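Input: a single structure, listed below in structure tokens.
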Amino acid sequence: MKDLYGVIKLLKRFGIYIYTGNRKNDIMLMHSEVKDLFDNHLLLKEDYLLAIMILRQEAIKEE
């Protein structure tokens with residue numbers, strides 16, 4: 001996982017498809033879904049931290 005596309009592919013592995021038409025809202029929703037997956041012990045800590053870091057970087061780009 002190197003970029004936002006990698007996070008999207010990670011979520012798709014769990015059947016989670018996100019598209020609201022607004023990139024910033026998509027990123028916020030992805031953040032919430034990744035956190036839920038981690039809280040339910042479906043993601044490794046390393047994958048969780050990397051995904052969150054990527055999503056935060058993308059959120060900063062959007063501002």
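Throughout, residue positions are numbered sequentially from 1 according to the sequence presented. Keep in mind the model is a prediction, meaning the values are calculated, not measured. We use all heavy atoms of the structure for the numbers below, so side chains are in, but hydrogens, waters and symmetry mates are not.
Sorted by first then second residue, the salt bridge (charged side-chain N to carboxylate O under 4.0 Å, His left out) pairs that include residues 37-56, not counting sequence neighbours, are K35-D39. For residues 8-31, no residue pair satisfies the ring-ring contact (aromatic ring centres under 6.0 Å, His included) rule, not counting sequence neighbours. Sorted by first then second residue, the salt bridge (charged side-chain N to carboxylate O under 4.0 Å, His left out) pairs that include residues 13-28, not counting sequence neighbours, are R23-E58, R23-E62. Sorted by first then second residue, the ring-ring contact (aromatic ring centres under 6.0 Å, His included) pairs that include residues 37-63, not counting sequence neighbours, are F38-Y48.
Remark: M53 engages L50, Q57 in a side-chain contact (heavy atoms from CB on, under 4.5 Å) (not counting sequence neighbours).
Here the CD1-CD1 distance, from I54 to I27, works out to 11.5 Å after rounding to the nearest 0.5 Å. The distance from the CG atom of L11 to the CD atom of E33 is 7.0 Å, given to the nearest 0.5 Å. Taking CG of L44 as the start and CG of L37 as the end, the distance is 11.5 Å to the nearest 0.5 Å.
Cluster partners of I60 are absent, since no Ile, Leu, Val, Met, Phe, Trp or Tyr has side-chain heavy atoms less than 4.5 Å from it.
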Return a table of donor-acceptor pairs under 3.5 angstrom between the side chains of residues 3-10 and protein atoms on other chains or two or more places apart.
| unit_1 | atom_1 | unit_2 | atom_2 | d |
| --- | --- | --- | --- | --- |
| D3 | OD1 | Y5 | N | 3.4 |
| D3 | OD1 | G6 | N | 3.1 |

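The cluster map of Ile, Leu, Val, Met, Phe, Trp and Tyr, joined by side-chain heavy atoms under 4.5 Å apart, puts M28 and V34 in different clusters. Hydrophobic clustering places I52 together with L29 (ILVMFWY residues linked when any side-chain heavy atoms are closer than 4.5 Å, directly or through intermediates).
Taking all atoms of both residues into account, the shortest heavy-atom contact from D36 to N40 is O-ND2, 2.9 Å.
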